[in-house]
Amino acid sequence: MRGRGTVFLGFVSAMMLDARHGLAQAPANWQTSFGVSASETKERIVALHDHILLIGVCIVALVAMLIGFALLRFRASRHPTASKVTRMPWLEFGWTIAPVLVLGAIAAPSLQLLAYESDIPDAQLTIKASGHQWFWRYSYPDNGGFAYDSIMLPPASVPAGEPRLLAVDNRMVVPVGAVVRIQVTSSDVVHSFFMPALGLQIYAMPGRLNETWTRVEKPGVYYGQCNQICGLNHSFMPIAIEAMAQPNFDAWVRDAATRYPVVSAATISAQVAK
């Protein structure tokens, strides 16, 4: 009995933690819902999820009611002689057209979301993310072309307050409220640029340049990782994006331009071609 009580208390604690850390920038223990939505894309994804979940709940409720009605209305004690009705056109029409309507109710908002994600608006900043085994390299062609590597911190070196296996030595930095075009490629195998808080998921392909975009609405540090099985250490290839106010970002760019080397377009092309 004590074990059951412990499990129940653990579940209650999980729900309380989830409510308290709902706006946390990293996954929380016992989290049962989506994490923070830091972009409109993520908010639209969550809205689509809730829309489909509501449809699913309605279908389950309807089927449960029909099963209950059939068990009570057509039980053997009430109908000892089975009905000989073999066709009911209106019912057949109903269960044929209903799935079409359900699929339409799911397809319409899904296509709207895909169109929104695919239409890249005029960007105020371009960042190139190159996947390597097993780290990311970020370059800022709009800000002089400097580039730097982002490598996971060893568990023993993670500062207090940062998540283990997700913290990195150099984060990608973006300004809050700006449209950021993210170009993604790879120098070796297929990687995946996955950032849940921003609703981003795009593959990094060798010899190919894929594009996506985001607009971070809240300052903070957001964590993701390569979720493509890209080799032995693929689970140790995290992504950390720090969003800050425009003045702070401008100051960071000036400092980064002096600390990180400038990479020419020819060098980048040569690296991608390898």
Side-chain angles (χ1 to χ4, degrees), residues 120 122-154 157-159 162 165-176 178-195 197-198 200-216 219-228 230-231 233-234 236-274:
I120 301 178
D122 294 335
Q124 300 163 263
L125 175 67
T126 298
I127 301 176
K128 184 173 182 179
S130 301
H132 301 260
Q133 290 178 315
W134 285 272
F135 63 93
W136 292 95
R137 184 171 181 82
Y138 303 128
S139 59
Y140 287 69
D142 294 346
N143 302 99
F146 65 86
Y148 57 90
D149 297 335
S150 179
I151 303 172
M152 187 192 78
L153 291 175
S157 304
V158 176
E162 294 196 36
L165 302 183
L166 289 177
V168 299
D169 56 353
N170 296 305
R171 301 165 179 159
M172 176 194 287
V173 181
V174 300
V176 172
V179 176
V180 180
R181 177 190 290 110
I182 302 177
Q183 299 178 334
V184 182
T185 188
S186 171
S187 65
D188 36 54
V189 298
V190 178
H191 298 283
S192 178
F193 193 88
F194 175 57
M195 179 55 63
L198 304 181
L200 292 181
Q201 165 84 47
I202 189 169
Y203 286 116
M205 310 285 291
R208 179 171 178 173
L209 193 66
N210 291 330
E211 282 190 339
T212 186
W213 70 281
T214 188
R215 181 171 47 232
V216 186
V221 181
Y222 305 97
Y223 298 96
Q225 61 184 161
C226 172
N227 63 356
Q228 178 73 20
C230 58
N233 293 324
H234 104 92
F236 303 106
M237 193 173 170
I239 304 167
I241 297 180
E242 182 174 0
M244 58 180 63
Q246 186 67 49
N248 297 336
F249 174 78
D250 295 337
W252 176 85
V253 167
R254 289 192 295 269
D255 177 67
T258 62
R259 290 190 294 119
Y260 301 124
V262 176
V263 181
S264 64
T267 302
I268 296 176
S269 299
Q271 291 175 348
V272 173
K274 288 182 180 179

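- We find the OH-OH distance between Y148 and Y260 to be 6.0 Å, quoted to the nearest 0.5 Å.
- N210 contributes a side-chain N or O that, together with a main-chain N or O of Y203, makes up a donor-acceptor pair within less than 3.5 Å.
- The side-chain heavy atoms of W213 and V180, taken from C-beta on, include no pair separated by under 4.5 Å.
- Ring centers of Y140 and W252: under 6.0 Å apart, within the cut-off.
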Show your working on side-chain contact (heavy atoms from CB on, under 4.5 Å) between Q133 and N233 and close with a plain yes or no. CA-CA 8 Å; Q133 290 178 315; N233 293 324; over 6 Å; no
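- Between C230 and V190, every side-chain heavy-atom pair lies at or beyond the 4.5 Å cut-off.
- For the pair H132/R137, a side-chain contact is recorded, criterion being any heavy-atom separation below 4.5 Å from C-beta on.
- Using a distance-only test at 3.5 Å, with no hydrogens or angles considered, no donor-acceptor pair links the side chain of T126 to the main chain of R181.
- Side-chain contact between H191 and M237: present, with at least one pair of heavy atoms (C-beta onward) separated by less than 4.5 Å.
- The minimum heavy-atom distance between D188 and G131, with the atom names listed, is OD1-O, 4.0 Å.
- For the pair M244 and V173, the minimum side-chain heavy-atom distance is below 4.5 Å.
- Legend: residues meeting side-chain contact (heavy atoms from CB on, under 4.5 Å) with E162, ordered by chain and number and at least two apart, are V158, P159, A167, R171, Y223.
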Take Y222 and I239 through the side-chain contact (heavy atoms from CB on, under 4.5 Å) test and state the conclusion after the steps. CA-CA 8 Å; Y222 305 97; I239 304 167; over 6 Å; no
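- With respect to C226, the side chain to side chain contact (heavy atoms under 4.5 Å, CB included) criterion is satisfied by exactly one of W136, W134, F193: W136.
- The two atoms that bring L166 and G224 nearest to each other are CD2-O, 3.7 Å, heavy atoms only.
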Let's go through Y138 and D149 carefully: what are the C-alpha distance in whole Å and the side-chain angles of both, what is the deciding distance for side-chain hydrogen bond (donor to acceptor under 3.5 Å, both in side chains) to 0.1 Å, and is it a yes or a no? CA-CA 6 Å; Y138 303 128; D149 297 335; over 6 Å; no
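- Atoms CD1 and OG1, on I182 and T212 in that order, are 6.5 Å from each other to the nearest 0.5 Å.
- Here the CD-CD distance, from Q201 to Q228, works out to 8.5 Å after rounding to the nearest 0.5 Å.
- For the atom pair L153 CG and L165 CG, the distance stands at 10.5 Å (nearest 0.5 Å).
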When you look at I241 and V174, which way does the side-chain contact (heavy atoms from CB on, under 4.5 Å) test go after all the steps? CA-CA 7 Å; I241 297 180; V174 300; 3.9 Å; yes
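- Here D255 pairs with T258, R259 under the side-chain contact (heavy atoms from CB on, under 4.5 Å) rule; sequence neighbours left out.
- With a 4.5 Å cut-off on side-chain heavy atoms, F249 and V176 do not count as touching.
- Between the side chain of T185 and the main chain of S130, no donor-acceptor pair closer than 3.5 Å is present.
- For the residue pair D142/Q124, the side-chain donor-acceptor check at 3.5 Å is not satisfied.
- The distance from atom CG of N227 to atom CE of M195, rounded to the nearest 0.5 Å, is 11.0 Å.
- In terms of the side chain to side chain donor-acceptor pair (under 3.5 Å) criterion, Q225 has no residue partners (sequence neighbours excluded).
- In this structure, the side chain of D169 engages the main chain of I151 through a donor-acceptor pair within 3.5 Å.
- In this structure, the side chain of S192 does not engage the main chain of F194 through any donor-acceptor pair within 3.5 Å.
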Could you walk me through whether V184 and K128 pass side-chain contact (heavy atoms from CB on, under 4.5 Å), step by step? CA-CA 6 Å; V184 182; K128 184 173 182 179; over 6 Å; no
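- Looking at S186 and M205, their side chains never come closer than 4.5 Å, going by heavy atoms from C-beta outward.
- By the 4.5 Å heavy-atom criterion applied to side chains, D122 and V179 are not counted as neighbours.
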